[in-house]
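Written out below as structure tokens is the structure these notes cover.
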Amino acid sequence: MTVRFAVIGLVVSDLAASLAFYRRLGLVFPEGAEDQPHVEAGLPGGLTLALDTEETVRSFHPGWQPPAGGGRISLAFRCDSPAEVDARYAELVAAGHHGELKPWDAVWGQRYATVHDPDGNGVDLFAPLPVPGE
């Protein structure tokens with residue numbers, strides 16, 4: 001039997017806010033997902049992003065408490081261009097999400113930015129920078 005990585009799971013404090021955030025990044029969740037205790041979106045490459053409410057987790061793990069000190073996971077979304085990094089960052093910040101790092105040209109050859117989701121998890125936006133001479 002082979003074990004393979006399949007799901008990224010996030011426990012969220014406000015499911016509607018998290019759905020709105022991740023939908024702005026292009027993820028597709030089922031209609032009416034805001035009323036569900038557990039929702040999933042398919043990701044490219046066969047992975048799944050699963051969102052569970054804190055109440056859902058407590059239903060099977062009564063002593064569970066959210067970690068102190070903010071998010072402890074980082075997700076990264078590849079954009080089609082450096083301009084899209086800037087546009088997505090601006091859209092998310094305009095929608096009220098915390099912009100942790102404004103878009104910048106990283107030394108490793110990418111346009112990069114970080115915004116926080118509603119639970120404080122870092123969400124990186126990146127795109128390759130044009131290669132000089134190409």
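Keep in mind the model is a prediction, meaning the values are calculated, not measured.
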Closest non-hydrogen atom pair, Pro82 against Pro130: CG-CD, 4.2 Å
Least distance between heavy atoms, Val85 atom then Pro103 atom: CG1-CB, 4.3 Å
Whichever hydrophobic residues join Val57 through chains of side-chain contacts under 4.5 Å: Val11, Phe60, Trp64
Within-4.5 Å side-chain heavy-atom neighbours: Val28 and Tyr22: no
Leu51 CG to Leu49 CG distance, which is reported to the nearest 0.5 Å: 5.0 Å
Hphob cluster co-occupancy, Leu129 + Leu101, side-chain heavy atoms under 4.5 angstrom: no
Pro30 side chain near Glu40 side chain, heavy-atom distance below 4.5 Å: no
Side-chain touch Glu91/His97, heavy atoms, less than 4.5 angstrom: no
Contacts of Ala20 that satisfy side chain to side chain contact (heavy atoms under 4.5 Å, CB included) - sequence neighbours left out: none
Any Pro37 side-chain heavy atom under 4.5 Å of Glu55 side chain: no
Non-neighbouring partners of Ser59 that pass side chain to side chain contact (heavy atoms under 4.5 Å, CB included), sequence neighbours left out: none
Shortest non-hydrogen contact from Ala33 toward Leu15: O-CD2, 3.4 Å
Residues Gln36 and His38: side-chain donor-acceptor under 3.5 angstrom: no
Inter-residue atom distance Arg111.CZ - Cys79.SG, 0.5 Å rounding: 11.0 Å
Residue list, ring pair (Phe, Tyr, Trp, His ring centres under 6.0 Å) with His98, at least two apart or on another chain: His116
Separation of Ile8 CD1 from Thr48 OG1 (nearest 0.5 Å): 9.0 Å
Distance, nearest 0.5 Å, that separates OH of Tyr89 from CD of Glu100: 8.5 Å
same_hphob_cluster(Phe21, Phe126) at 4.5 Å side-chain heavy-atom cutoff: no
From Arg4 atom CZ to Leu47 atom CG, the distance as rounded to the nearest 0.5 Å: 9.0 Å
Under 3.5 Å: donor-acceptor pair, side chain of Asp52, backbone of Thr56: no
Donor-acceptor contact below 3.5 Å, side chain Asp119 vs main chain Asn121: no
Linked, directly or transitively: Val123 and Ile73 (ILVMFWY side chains, under 4.5 Å): yes
Hydrophobic cluster membership, Leu27 vs Phe5, 4.5 Å side-chain cutoff: yes
Test salt bridge (Lys or Arg N to Asp or Glu O under 4.0 Å) applied to Arg88 - qualifying residues, sequence neighbours left out: Glu84
Pair Glu31 + Arg23: basic N to acidic O under 4.0 Å: no
Residue list, side chain to side chain contact (heavy atoms under 4.5 Å, CB included) with Asp124, at least two apart or on another chain: Ser74, Ala76, Tyr112, Thr114
Spacing of Leu92 atom CG and Arg24 atom CZ [to the nearest 0.5 Å]: 7.0 Å
Derivation of the side-chain contact (heavy atoms from CB on, under 4.5 Å) call for Leu125 and Leu25: CA-CA 10 Å; Leu125 307 169; Leu25 288 171; 3.6 Å; yes
